[in-house]
Amino acid sequence: MTTESSNQYLHLRKRKLAEATREFRARGKSVMRCERCQLAVFACLCSCRAATKSRCEFIVLMHSDEIFKPTNTGRLIADILPLQTHVFCWSRTEPDRELLNLLGDSNRSCFLVFPVNEKDPAWQNAIAAEKISSNEKITTFILFDGTWKQARKMFHCSRWLEGIPSVILPNDLASHYQMRKAHQEDYLSTAEAAVLCLRAQKDREPADVLLNYFMQFNKNYLLTRGRGSTSSP
Ligand SMILES: [Zn+2]
């Protein structure tokens, strides 16, 4: 069960950790990490975490490579909006049953968050985020949590997402994501994309809380890396 002190990312991580090989577990042992936030103990982010609520919900489709990456930012959304964030490990051919139930839920309007352009067939029924009407349905944003290349693959190769419109986000946030060099200039981290979704829905408070938490995460992560961690970013 998801409560404010736990979240779906933590459940997924625990499950995958139980399946992980010993070799994997040994990775990144050169620095003492906080069990909960995965940052170095001296740069622990946990005291900055403040769960809040939003009117909309998120589905985070996490690439399996992301689950244990300390640089992952999809998990930050689950930290801040534990009751509104659904987290699933992405599978092209075997999507989780619960995920399909959410996508088929008639009480929701789902939108794919991926930067489509005029050349993309998805452009045809893409909708500007500000134009999404806040009707009685739960606005649900589907985020692709992975590298740029993985996100592209998840967006284009998931047959079970067919028919779900894409959303065009306002571009009013310069990326602060310093951990990974993006090949695409307009590439935002997953957490930043969620901030834009919330802003477009005029859900200011959770947008600000998430952005502040993300900025602090950036800072603490760079501190972690600066002190000789050898684990891959
Ligand atoms: Zn911590």
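The residues of the chain are indexed from 1 along the displayed sequence. These numbers come from the heavy atoms of this one structure, side chains and all, not from hydrogens, waters or symmetry mates. Counting starts at 1 for both ligands and their atoms, following the listed order.
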If only protein N, O or S atoms under 2.8 Å count, total around the Zn ion (ligand 1): 4
Beyond-backbone contact of Leu143 with Ile77, side-chain heavy atoms, under 4.5 angstrom: yes
Worked verdict on Lys137 versus Asp105 for salt bridge (Lys or Arg N to Asp or Glu O under 4.0 Å): CA-CA 10 Å; Lys137 294 196 176 190; Asp105 181 358; over 6 Å; no
Candidate pair Glu130 and Lys202, rule salt bridge (Lys or Arg N to Asp or Glu O under 4.0 Å), full reasoning: CA-CA 9 Å; Glu130 317 81 272; Lys202 308 226 175 347; over 6 Å; no
Modelled atom types, side-chain donor and acceptor of Asn220 and Gln216, under 3.5 Å: yes
Side-chain touch Phe88/Val60, heavy atoms, less than 4.5 angstrom: no
Any residue meeting side-chain hydrogen bond (donor to acceptor under 3.5 Å, both in side chains) with Arg97, in chain and number order, not counting sequence neighbours: none
